[in-house]
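All residue numbers refer to positions in the sequence shown, counting from 1. We count ligands from 1, going down the list as the structure has it; atoms in each ligand are counted the same way.
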Amino acid sequence: MPDLTQLTLTQVRQQLADKSRSAAEVTEAALTRISATEPKIQALLSIQAEEARAQAQAMDASGPDAAKPLWGVPLVVKDVLATKGVPTTCGSKILENFRPVYDATAVARLKEAGAIILAKANMDEFAMGSTTENSAYFATRNPWDTSRVPGGSSGGSGATVAACQCYGALGTDTGGSIRLPASFCGIVGLKPSYGRVSRFGMVAYGSSLDQIGPMTRSVEDAARILQVIAGHDERDSTSVNAPVPDYVAALSERADLKGLTIGLPAEYWDKGLSPEVAEACGAAVKQAEALGAKTVPVRLKLSEYAIATYYIIAVAEASSNLARFDGVRYGLRDKDAQSLIEMYVKSRTKGFGEEVQRRIILGTYVLSSGYYDAYYRKAAQVRRLIRQDFEAALNQCDVIMGPVCPTTAFKVGEMSDDPLQMYLMDIFTISTNLAGLPGMSLPVGLGRDSGMPVGLQLTGRAFDEARMLQVAGVLEKNVPATGLPKL
Ligand code: GLN
């Protein structure tokens with residue numbers, strides 16, 4: 001029998017529902033695990049231990065509620081999501097003392113479903129980064145090897161789930177920030193279609209790209225969290241009013257992949273992959289074929305422009321979104337400034353880290369008159385073509401497969417001095433956001449050379465998370481088990 005903290009969300013919720021475990025017992029086990037492992041991985045920016053204990057006790061007093069699908073399940077939330085009365089820093093000094101007066105819709109829905117929010121997860125400042133080294137507080141470590149990064153920007157969420165500090169976490173993904181840390185930490189991460197999950201209460205980075213999604217230790221766990229957070233919200237005008245299918249039921253509909261077609265883009269498989277990533281992901285595709293799937297080559301010929309396009313659109317939107325942090329309304333305000341302008345400048349200079357400042361400057365530049373047409377407008381046009389490429393590819397197949405990242409998790413500090421090299425890590429993930437499609441990272445075993453987890457990326461048709469989950473669910477049972485880190 002695995003340790004209580006090592007159960008999946010699906011397993012623990014069953015034990016809570018049939019009363020073989022109490023919410024207090026499960027919560028206490030998670031908090032003990034946090035105390036034991038946090039000094040090594042530093043995944044969490046704040047821990048709400050007392051609130052969690054009190055909530056668990058109150059829930060036990062009234063007993064399990066079958067109408068609440070996450071009753072008593074301890075979860076962690078990325079610190080970019082507003083949590084009522086609880087610090088929400090976005091990994092930034094500028095929001096050091098910020099406590100929102102409301103919950104993000106995704107958080108409110110978790111709570112309504114009976115989840116217990118244990119802690120807020122570390123992240124790259126304002127979700128800008130791929131390693132969690134850009135957090136203004138501390139760098140999170142990979143639970144598989146603490147000399148390595150956990151990926152980012154939702155690295156705290158990835159590490160806390162892999163380290164069994166909780167049963168699942170919310171991350172956010174603007175260009176890969178759920179899928180990359182899921183891949184590096186050997187867990188499942190799902191970025192929903194743009195508009196599937198309300199962004200209300202998520203501090204915006206690139207508003208046309210951002211989505212909230214689950215990070216979990218199994219595909220079914222991801223389906224269960226997605227089920228709760230998905231669906232229209234009148235407080236987010238970009239959330240789509242489309243029916244939310246029963247994702248968990250969809251998973252049980254399939255035991256093989258017969259009748260499904262998987263698209264393999266040469267652009268994702270042919271160049272620049274480390275041998276161990278090519279091998280593990282390639283073996284998973286072979287396994288999919290053995291399970292009855294047909295594979296076809298597809299073209300994503302504009303892939304080479306994806307990084308440039310993304311890093312214009314994302315920074316442009318960021319420069320506008322981050323204008324609200326002016327020292328007046330939230331967080332840090334410089335005390336010595338003599339004028340209003342000086343107060344803005346000093347507060348922002350002190351409050352924002354280097355990478356955030358770099359992106360605000362870049363974003364302001366690409367939006368400024370004279371450069372707007374050359375950069376921002378052009379990027380928006382290329383984005384449309386990239387989306388059309390994906391639509392054409394997904395007309396030929398049900399799901400696209402490729403690696404999440406060219407490499408497994410690298411060493412802390414290895415790339416932090418070279419922003420361009422770091423941006424290249426996003427090569428396979430950012431197009432999914434540009435196209436608004438659902439994407440997932442599925443662990444497919446450990447790399448032969450590094451011994452670190454390898455993630456396979458699945459990309460689905462818009463609003464067809466169910467099909468993507470089905471494929472992932474079948475594969476999960478048939479690829480080499482990644483297991484859990486020995487921490
Ligand atoms: N690494 C990418 C960036 O820094 C993606 C981040 C994200 O998805 N939030 O912009």
Side-chain angles (χ1 to χ4, degrees), residues 77-81 90-92 121-136 139-140 149-158 169-184 189-192 194 197 199 202-215 306-322 352-363 366 379 383 404-407 409-410 415-416 418-441 455 457 459:
V77 168
K78 186 178 181 180
D79 213 25
V80 72
L81 298 173
C90 296
S92 181
N122 196 19
M123 54 183 284
D124 287 303
E125 185 174 3
F126 287 104
M128 297 173 184
S130 307
T131 60
T132 317
E133 291 165 294
N134 291 342
S135 165
T140 296
V149 299
S153 64
S154 314
S157 300
L170 291 185
T172 63
D173 191 311
T174 305
S177 279
I178 288 176
R179 290 159 287 156
L180 187 64
S183 164
F184 280 9
L190 189 153
K191 180 202 94 72
Y194 185 77
V197 175
R199 293 182 296 111
M202 168 188 180
V203 178
Y205 163 17
S207 315
S208 75
L209 304 155
D210 299 337
Q211 270 290 292
I212 302 167
M215 302 175 72
I307 299 243
T309 307
Y310 170 87
Y311 277 98
I312 291 172
I313 291 173
V315 298
E317 294 183 8
S319 71
S320 161
N321 279 324
L322 269 51
F352 289 136
E354 189 186 344
E355 182 63 24
V356 174
Q357 294 194 23
R358 173 168 23 250
R359 294 190 188 200
I360 292 172
I361 292 167
L362 268 172
V366 300
R383 177 184 192 170
V404 173
C405 182
T407 68
F410 40 89
M415 276 185 215
S416 45
D418 188 348
L420 199 57
Q421 190 63 25
M422 191 78 96
Y423 298 170
L424 292 174
M425 288 291 119
D426 304 330
I427 177 111
F428 301 134
T429 48
I430 49 185
S431 306
T432 316
N433 303 69
L434 290 169
L437 301 172
M440 261 183 102
S441 176
Q457 179 168 226
T459 309

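For Ser153 (side chain) and Asp124 (main-chain N/O), no donor-acceptor pair under 3.5 Å exists by modelled atom type. Looking only at distances, no side-chain donor or acceptor of Lys78 sits under 3.5 Å from a matching main-chain atom of Ala127. Side-chain atoms of Asn122 do not come within 3.5 Å of backbone N or O of Gly156 as any donor-acceptor pair.
Residue contacts with ligand 1 include Arg359, since one or more of its heavy atoms lies under 4.0 Å from the ligand. The closest approach between any non-hydrogen atom of Tyr311 and ligand 1 is below 4.0 Å. At least one heavy atom of Gly176 sits less than 4.0 Å from an atom of ligand 1.
Residue Gly175 approaches ligand 1 through these ligand atoms, each under 4.0 Å from one of its heavy atoms: 5 (C), 7 (C), 8 (O). Of all atoms in ligand 1, numbered sequentially from 1 with element shown, those under 4.0 Å from a heavy atom of Asp173 are 8 (O). The distance from ligand 1 to the heavy atoms of Ser130 drops below 4.0 Å at these ligand atoms: 1 (N).
Contact annotation: for Ala127 versus ligand 1, heavy atoms closer than 4.0 Å belong to both the backbone and the side chain. Contacts between Tyr423 and ligand 1 below 4.0 angstrom, taking non-hydrogen atoms only, are absent altogether.
For Tyr194, the side chain to side chain contact (heavy atoms under 4.5 Å, CB included) partners two or more places apart in sequence, or in a different chain, are Arg199, Gln211, Thr238.
Residue, atom and distance of the protein heavy atom nearest to atom 6 (C) of ligand 1 are Ser177 OG, 2.8 Å.
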